[in-house]
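Each remark here refers to the structure printed beneath this line.
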Amino acid sequence: MSIMAFDWRIVEEKWKEKWLREGVFNADPEPSRPKVFITFPFPYVNGRLHVGHGFSATRLDVYARFKRMQGFNVLFPFAWHWTGEPIVGAAERISKGDEKIIRTLRLIDKVPQEEIEKFTDPVYMARYYMRENKKTAIDMGLSVDWRREFHTSSYHAAFSKFVTWQFNRLKKLGYIVRGTHPVVWCPHCQSPTGDHDRLEGEGVSPELYTLVKFKCNDVFLPAATFRPETIFGATNIWVNPDAIYVEAEVDGERWIVSKPTVLKLREQLRRVEVLRELKGSELLGLMCKTPLTNQSIPILPAKFVDPESGTGVVFSVPAHAPYDWLALRDLKRSPELLKGYGLDPKIVEAINPISIIKVEGFGEYPAIEVVDRLEVKDQADPKADEATRLVYKKEYHTGVMKENCLSYSGLKVSEAKERIAEEMKRAGLADQLYDLPEKVVCRCTTKCIVKVLADQWFLKYSDPEWKAKVKKLLSRMRMFPEAARNYFFEVVDWLRDWACARRTGLGTPLPWDPSWIVETLSDSTIYMAFYIVAKYVNMGLLRPENLTEEFFDYVFLGEGSLEEVSKATGLSPQLIDEVRREFLYWYPVDLRGSGKDLVPNHLTFFLFHHTAIFPEELWPKGIAVNGIMMVEGEKMSKSKGNFVTLKDVIEKYGADAVRCTLMIAAEDMDDPDWRSDACKDIREKLDQVFKFISSVASMPSSGAAGPLERWLLSRLQRRVKAVTEALEQLKNRTALEIALFEIWNDVRWYLRRTQAPCKEALLEVARTWVRLLAPFAPFMCEELWSLLGGEGFVSKAPWPSFNEAKVDYFAEASESLVQQVMDDLREVLRATGMAPSTAHIYVASKWKWDVYLRALEASSPREAIKVAHQVAKELRAKDPKIVQKIAVEASSVGGERREMRLKAGRLDEYEVLTSAKDFLERELKFEVKIWREEGEKVYDPRGRRFNAIPYKPALYLE
RNA sequence: GCGGGGGUGGCCGAGUCAGGUCAAAGGCGCAGGGCUUAGGACCCUGUGGCGUAGGCCUGCGUGGGUUCAAAUCCCACCCCCCGCACCA
């Protein structure tokens with residue numbers, strides 16, 4: 001093969017086929033070999049795989065390949081997620097001829113028109129993307145055992161049987177409960193409105209308001225509030241005089257609320273019967289009783305009261321709520337307005353704010369102070385919102401209830417709030433209502449409300465004992481990076497019950513109530529166990545009807561006896577036993593990895609379900625969390641049009657280049673950024689490596705091995721060690737940076753230094769290098785491995801092990817001296833601007849080395865100086881200034897370099913530099929003369945030689 | 001608001017846990033030179049400022065502090081990104 005002709009298209013095609021044909025990545029139990037079971041969350045099949053998938057999956061694939069080369073029996077399976085709504089939704093939109101989605105499919109996913117037409121069938125669409133994405137995964141070089149492939153939902157009978165077993169099990173264990181739950185709801189679509197289905201109000205979720213009930217004659221006015229603790233400061237009630245209110249029977253009690261409140265209450269499972277409508281103004285002037293304190297307060301008009309928000313009834317706390325103070329002030333300022341409503345201005349004049357909360361940095365009336373400070377004009381001024389937030393925040397965090405708050409006096413506001421709400425509700429003085437703090441509009445343009453769904457099925461993630469188990473697991477798992485562990489702990493604490501069934505979409509019916517479908521995140525928590533079963537299903541040895549409850553109980557949990565299970569399933573005991581043993585071989589999962597966006601949901605659910613169902617020894621061993629893919633510095637999205645599919649970039653740059661670009665983009669939880677320029681650069685770099693290594697293979701033998709070769713191989717060993725350590729920690733970026741760039745730099749320096757490259761040494765470098773790169777650029781490395789005469793596949797070649805015997809500190813120290821001298825010479829050239837004809841180099845005399853090496857051993861600079869002078873005295877050195885300099889120089893050396901110099905010991909600098917003389921002259925283009933400081937007849941017109949210190953020879957240029 | 005992660009040179013990004021190897025790895029970009037018919041690739045040099053001798057000054061979000069010594073340790077503050085649920 002010519003060294004110029006590296007066609008990655010041919011090479012990738014060739015090895016891809018070989019891997020598949022020979023089943024290189026198929027893995028079966030081998031009890032004598034240690035195993036590693038690595039899983040990637042199956043992708044959803046509503047579109048093509050993108051570079052984000054590529055990043056997460058390649059990271060795991062690199063680890064899988066690394067471990068495989070280390071001799072582990074590695075299983076890396078793959079499957080597809082069909083469960084959920086979006087595919088069905090997309091199919092519907094296509095049926096309706098939605099241009100937007102059709103254009104996206106055509107332009108981004110590049111789906112042929114005739115296929116798009118068939119996407120009106122969601123199952124067809126899922127099949128299409130499953131097929132396409134599998135091709136891409138293979139093209140990408142993922143080292144997958146494809147015999148275990150499957151997909152989810154009822155369209156895969158065997159998988160459905162598995163989920164049925166899982167959910168029956170969870171229910172039996174008491175982890176599934178029934179309950180009610182508030183959701184954002186579109187009254188038109190009659191379904192929950194998720195974030196992605198909204199025109200307005202992204203991120204808004206139902207908030208729980210307390211309804212404080214004020215009795216007015218024989219009816220109640222329930223005022224909605226986030227601040228029930230301020231009830232002690234209530235001076236009046238606000239209603240909007242122009243809004244329509246209703247008097248209604250609510251669960252047997254008579255309430256007055258704004259008209260839109262009726263629908264809200266009904267959707268929150270309240271029985272509401274409207275008795276009459278009335279205008280807000282009709283309520284003005286009536287007197288109400290405050291709960292707890294039983295004070296009489298009037299109902300007054302305020303324009304800021306929104307009938308759409310809460311109940312349209314607000315209680316006024318002018319001391320602590322800016323809006324209330326503003327509305328009150330507005331009334332005080334315009335008595336004529338009151339008269340218009342037939343109210344006596346004296347009522348308002350008599351109202352004074354009541355201070356009930358002590359707050360740091362504020363006086364009696366924080367609301368008034370903030371209104372004044374921000375110069376809020378009136379209740380219509382937008383600045384009133386800011387004032388409200390400010391007071392709320394400050395009082396919530398630092399406020400304490402004053403002595404006029406009954407038994408709540410002295411409590412922190414944050415505590416009082418909870419307790420008052422709770423106790424008033426219990427006493428029937430308050431109620432509750434969910435509402436949206438901001439407007440939410442459905443895609444269908446309908447304004448959303450909160451609906452409380454009754455009798456939903458929940459996974460009881462709130463269960464403290466369940467949480468405790470997960471925490472136990474978390475504290476002992478391997479976690480990459482370590483910072484993710486804390487994140488998980490927080491998520492576990494924060495997690496509430498999860499609605500685990502839905503009415504629509506693809507999926508597996510809930511076993512005990514088939515009108516529901518198991519929700520998409522809930523059917524994907526322990527399916528890694530199914531990879532073991534799937535192999536037998538795909539071989540035709542297991543059929544869906546064999547997969548009974550007894551079968552899974554036995555295979556996964558060891559429950560029941562072989563005979564019984566054999567009878568129940570109609571399978572041979574041998575087969576059942578084989579599956580059981582295979583399961584026990586591969587389980588538990590050693591590593592599962594994905595983006596950090598899956599931490600608060602999928603990855604945590606994965607842990608929950610494992611602790612619920614499996615015995616401790618089968619709980620997962622490790623999780624890897626990575627960052628979120630960016631594209632050219634921006635978040636990737638189909639709507640933005642910056643969506644990068646793996647298929648496209650693999651076709652353009654080749655899988656090896658794509659893999660390396662992704663792997664060098666980020667590690668740990670940092671967000672990788674896809675830049676096509678970077679990929680182009682990597683492509684060129686790989687081509688260059690290929691060219692070099694293939695040239696080594698065809699190089700005529702030459703040059704004997706000497707110090708330079710020892711240096712090269714010593715460096716190589718350091719690289720081996722560093723790459724291995726990085727890969728163990730999934731530090732892909734670090735590992736590839738060393739494997740691709742640092743080794744390249746070493747080789748370059750070697751080739752520059754030597755006039756006669758040594759083939760043996762270069763072959764050793766090449767053979768090692770190819771294996772270090774193989775997890776990252778497997779296609780190219782297979783090709784190179786075979787060019788170098790390597791045995792079998794590089795994918796299964798032994799990983800280079802660090803050979804300490806080849807680390808040569810002396811060679812490395814010598815080489816660093818040469819580099820130091822060259823740098824110093826250049827520095828002088830730069831500073832003086834001269835073009836010398838000769839450079840004289842003077843190496844330090846022996847006694848200076850004695851001083852230097854002793855100073856180098858010292859533990860601190862102070863110590864180094866002390867030791868240096870001591871040694872110098874013993875040696876009767878005359879120049880304390882140079883001794884000082886040696887000590888300072890020695891103590892400024894640290895880390896790896898210090899270790900190297902200590903281990904190298906004394907260098908014969910004269911010898912080293914003499915052998916590098918030709919090199920220096922060649923590089924610097926002037927004559928180089930090397931002298932010993934203590935030599936005779938030394939040419940040294942400026943007496944420079946006395947400045948020489950170890951590793952820093954003195955220089956004289958002329 | 002709560003929680004998680006961050007702020008380093010033109011850019012990306014190591015270094016921070018165990019203070020001195022740090023004007024700060026590596027990559028990209030840029031500039032000069034070499035090679036070449038030319039361009040690309042490749043190789044060399046430079047890339048904070050100053051400097052006719054290998055040095056000095058300034059510097060790692062801001063302001064203090066500890067230390068012989070701080071990007072690294074302590075305190076306070078500012079800023080940025082990402083989650084916050086029925087959704088894959």
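Numbered from 1 within each chain, the chains take letters A, B, ... in sequence-line order.
At a cut-off of 3.5 Å, with distance as the only test, a side-chain donor of A/E519 or A/S522 sits close to an acceptor on the other residue. Side-chain contact of A/D523 with A/T508: a donor-acceptor pair under 3.5 Å is absent, judged by distance alone.
Between A/L825 and A/L957, the closest side-chain pair of non-hydrogen atoms falls below 4.5 Å.
Residues A/G833 and A/V184 both approach RNA chain B. Their nearest nucleotides, taken by heavy-atom distance, put A/G833 toward the 5′ side.
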When you compare the protein's N or O atoms with those of nucleotides 21-23 of chain B, which come within less than 3.5 Å of each other, and at what distance?
{"from": "B/U21", "atom 1": "O4'", "to": "A/G894", "atom 2": "N", "distance (Å)": "3.3"}
{"from": "B/U21", "atom 1": "N1", "to": "A/G894", "atom 2": "O", "distance (Å)": "3.4"}
{"from": "B/U21", "atom 1": "O2", "to": "A/G894", "atom 2": "O", "distance (Å)": "2.8"}

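Contacts of A/D493 with the nucleic acid, taken as non-hydrogen atoms under 4.0 Å apart, are absent. Here A/K680 lies out of heavy-atom contact (under 4.0 Å) with every strand. When heavy atoms are screened at a 4.0 angstrom cut-off, A/D597 is found touching no nucleic acid atom at all. A/Y956 comes within 4.0 angstrom of a base, heavy atoms only.
Ring-plane geometry between A/Y461 and A/H609 is classed as tilted, the angle between the planes lying from 30 to 60 degrees on a 0 to 90 degree scale.
The shortest distance between the side-chain N/O atoms of A/W744 and the OP1/OP2 oxygens of B/C43 is below 4.0 Å.
Taking atom P in both B/C22 and B/A70, the straight-line distance is 16 Å, to the nearest Å.
A distance cut-off of 5.5 Å between ring centres, combined with a plane angle under 30°, places A/W494 in a stacking arrangement with the base of B/A85.
Distance from the side chain of A/Y487 is smallest for B/G4 among the nucleotides B/G29, B/A14, B/G4.
Checked against ring pair (Phe, Tyr, Trp, His ring centres under 6.0 Å), A/F643 has the following partners two or more places apart in sequence or in another chain: A/H50.
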Going 5' to 3' through nucleotides 54-60 of chain B and flagging B where a protein heavy-atom sits under 4.0 Å of the base, S where only the sugar-phosphate is that close, and - otherwise, we get BB-----
